[in-house]
Amino acid sequence: MNRPKTYHITTFGCQMNEHDSETIAGMLSQMGFSESPGRDEADVAIINTCSVRENADKRFFGTLGQLKKKKLADPEFTVCVCGCMMQQQHVIDSIKSKYPWVDIIFGTHNIHQFPQLLESVLREKEKVVNVWEDGGDIVEGLPAKRLYKHKAFVNIMYGCNNFCTYCIVPYTRGRERSRRPQDILDEVKRLVSDGVREVTLLGQNVNSYKGDEHTDFADLIYRLNEVSGLERIRFMTSHPKDLSDKLIQAYGDCDKLCNYIHLPVQSGSSRVLARMNRKYTREDYLNLIAKLKKTVPQITISTDIIVGFPGETEEDFEETLDLVRKVEYDSAFTFLYSIRRGTPAEKYEDQIPEDVKHQRFNRLVETVNSISAEKNAGYVGRVEKVLVEGLSKTSDRTYTGRTEEFKLINFAGTPDMVGKIIDVKVTEGKTFSLEGEVI
Ligand code: SAH
Ligand code: SF4
Ligand code: F3S
């Protein structure tokens, strides 16, 4: 029988998408498929899309274009597309009209149906589009083929209720839904018995997690801190408006909670923050940072910043630069504002010209990088606990890992170190990473 045997998944976007791809891979493994190293050799190709910025859209359509030749040469080749872009009707319409050879379109809310959809397409040789508009109940117990052996993503909630005026995510991921604390604890215990030492709890805004009347996000951390065998707990992303004193205290109390936080600020100007509907001011944010640094002096902090949001003036932008200098971020993801169809900011008339956006972006990146380099230089001579992830891409003797504070560190190592937490002395601080030697 010439039943398809191998699959390949291309993933765009955030950790949510990466984790969804792990679930899709897990379901395909259960169906008897194996992973193909390249997309061109695979029998089934899946593209998991992101729509957070325009360049993510463009990359998706570019990838589809590349698949066209193979599909035309081999009609048995099955092409499936899913993820955030598929939650937008205009995207589905354009796939149907310009890429009619795509076999399966499904969305973010019905990933669990993928095996059925694939079976039916392979059997009937007909195309299917099946996208749910809303989340429905959380489906537990789906398999996952994890990308890493020693660390794992664990979704604790889905969706977002915040409707920041620039953002598409509330439209593609639906409303907030939290998993039951017991389901999360059971999953983490299972992962630990499988060799996982570090979990990253995922949600668009984990701070508004509400498991039941006794379990908010901080409570969940306290409960996970008790799981024996688990060594590190991380989470992302947390919204400043919901970052509670109780969670800050958890950093002080829970030894497994890593001294690192990703706390997206988006802008340093209260005026811009209000137009973004972020629901905090520059001062609120700086107060939170002060509290965090007081409770956990060694904490490292990263952020997301959008440059060129409609109406952003030079003064607003300088407030962002000033905030970056005050907080002294260890790293920052910086983005050019990108108009997203259907969001309120799409309609704002005071869009910023591209050249101004780019010029501000470059100034911001320069500031961010010089602070990162300075902070990393301060680590030289320190001994860090490093969870070894594996070989670095550059050499077959250099291994990489993460310090508790989420710094990427490279060092000469051996294969037996992978998955262990070892002591590494920092010998050099670069802009985006550290160099070290095992002691
Ligand atoms: N839930 C997370 C962020 C998810 S999107 C949070 O609230 O922090 C990741 C980042 O993409 C955002 O923090 C924001 O900085 C950026 N982003 C989202 N929409 C954008 C847009 N339209 N243009 C540019 N950057 C955007
Ligand atoms: Fe988007 Fe704001 Fe929700 Fe984050 S909190 S996903 S930026 S709407
Ligand atoms: Fe992109 Fe969807 Fe994540 S839009 S950033 S993949 S939630």
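Scope of the values below: all heavy atoms of this structure, side chains included, with no hydrogens, waters or symmetry mates. Indexing begins at 1, ligand by ligand and atom by atom, following the structure's order.
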Enquirer: For Arg53, take its heavy atoms, then give the atoms of ligand 1 lying under 4.0 Å from any of them.
Expert: 11 (O), 16 (C), 17 (N), 23 (N), 24 (C), 25 (N), 26 (C)
Enquirer: Can you check which of Asn207, Asn205, Val206, Asp304 brings a heavy atom nearest to atom 12 (C) of ligand 1?
Expert: Asp304
Enquirer: Got a list of side-chain donor-acceptor pairs under 3.5 Å for residues 285-292, not counting sequence neighbours?
Expert:
from, atom 1, to, atom 2, distance (Å)
Tyr285, OH, Leu263, O, 2.6
Tyr285, OH, Tyr329, OH, 2.9
Lys291, NZ, Asp245, OD1, 2.7

Enquirer: Is there a nitrogen or oxygen of Arg340 sitting under 3.5 Å from a nitrogen or oxygen of ligand 1?
Expert: no
Enquirer: What count do you get for protein N, O or S atoms closer to atom 1 (Fe) of ligand 3 than 2.8 Å?
Expert: 1
Enquirer: Determine, for Lys71 against Asp103, whether the closest basic-nitrogen to carboxylate-oxygen distance falls under 4.0 angstrom.
Expert: yes
Enquirer: Out of all atoms in ligand 1, which are within 4.0 Å of some heavy atom of Gln266? Include the element for each.
Expert: 12 (C), 13 (O), 14 (C), 15 (O)
Enquirer: Under 4.0 Å between a Lys/Arg side-chain N and an Asp/Glu carboxylate O for Arg177 and Asp137?
Expert: no
Enquirer: Could you check whether the rings of Tyr148 and Phe153 sit parallel, tilted or perpendicular, using 30° and 60° as the cut-offs?
Expert: perpendicular
Enquirer: Below 4.0 Å, non-hydrogen atoms only: which portion of Phe335 touches ligand 1? Side chain, backbone, both or neither.
Expert: side chain
Enquirer: Indicate yes or no: does Glu312 engage Arg275 in a salt bridge with an N to O separation below 4.0 Å.
Expert: no
Enquirer: Between Asp322 and Lys326, is the closest basic N to carboxylate O distance under 4.0 Å?
Expert: yes
Enquirer: According to salt bridge (charged side-chain N to carboxylate O under 4.0 Å, His left out), who are the partners of Lys210, at least two apart in sequence or on a separate chain?
Expert: none
Enquirer: Which one holds for Ser338 and ligand 1: side chain close, backbone close, both close, or neither close, with close meaning a heavy atom under 4.0 Å?
Expert: both
Enquirer: Show me which atoms of ligand 1 lie under 4.0 Å from any heavy atom of Arg278.
Expert: 7 (O)
Enquirer: Considering only the protein, which heavy-atom contact is closest to atom 7 (S) of ligand 2, and what is its distance?
Expert: Tyr166 OH, 3.4 Å
Enquirer: Between Gln204 and ligand 1, does any nitrogen or oxygen pair lie at a separation below 3.5 Å?
Expert: yes
Enquirer: In terms of side-chain geometry, is the basic nitrogen of Arg340 or Asp57 positioned less than 4.0 Å from the acidic oxygen of its partner?
Expert: yes
Enquirer: Considering only heavy atoms of Leu336, which atoms of ligand 1 have at least one such atom less than 4.0 Å away?
Expert: 23 (N), 24 (C)
Enquirer: Please could you name the atoms of ligand 1 that Val52 approaches to less than 4.0 Å, counting only its heavy atoms?
Expert: 5 (S), 18 (C), 19 (N), 20 (C), 21 (C), 22 (N)
Enquirer: Return yes when Gln204 approaches ligand 3 closer than 4.0 angstrom through a heavy atom, no otherwise.
Expert: yes
Enquirer: Can you classify the ring geometry of Phe61 versus Tyr99 as parallel (below 30°), tilted (30 to 60°) or perpendicular (above 60°)?
Expert: parallel
Enquirer: Taking Arg325 first and then Glu374, would you say they form a salt bridge - that is, a charged N and a carboxylate O separated by under 4.0 Å?
Expert: no
Enquirer: With side chain to side chain contact (heavy atoms under 4.5 Å, CB included) as the test, pick out the partner of Ile46 among Leu28, Val79, Val81.
Expert: Leu28
Enquirer: In terms of side-chain geometry, is the basic nitrogen of Glu319 or Arg271 positioned less than 4.0 Å from the acidic oxygen of its partner?
Expert: no
Enquirer: Protein N/O/S atoms under 2.8 Å of atom 2 (Fe) of ligand 2?
Expert: Cys164 SG
Enquirer: I'd like to check which ligand 1 atoms, numbered from 1 as shown, lie under 4.0 Å from a non-hydrogen atom of Thr237.
Expert: 2 (C), 6 (C), 8 (O)
Enquirer: So Phe335 and Phe333, would you call those rings parallel, tilted or perpendicular, with 30° and 60° as cut-offs?
Expert: parallel
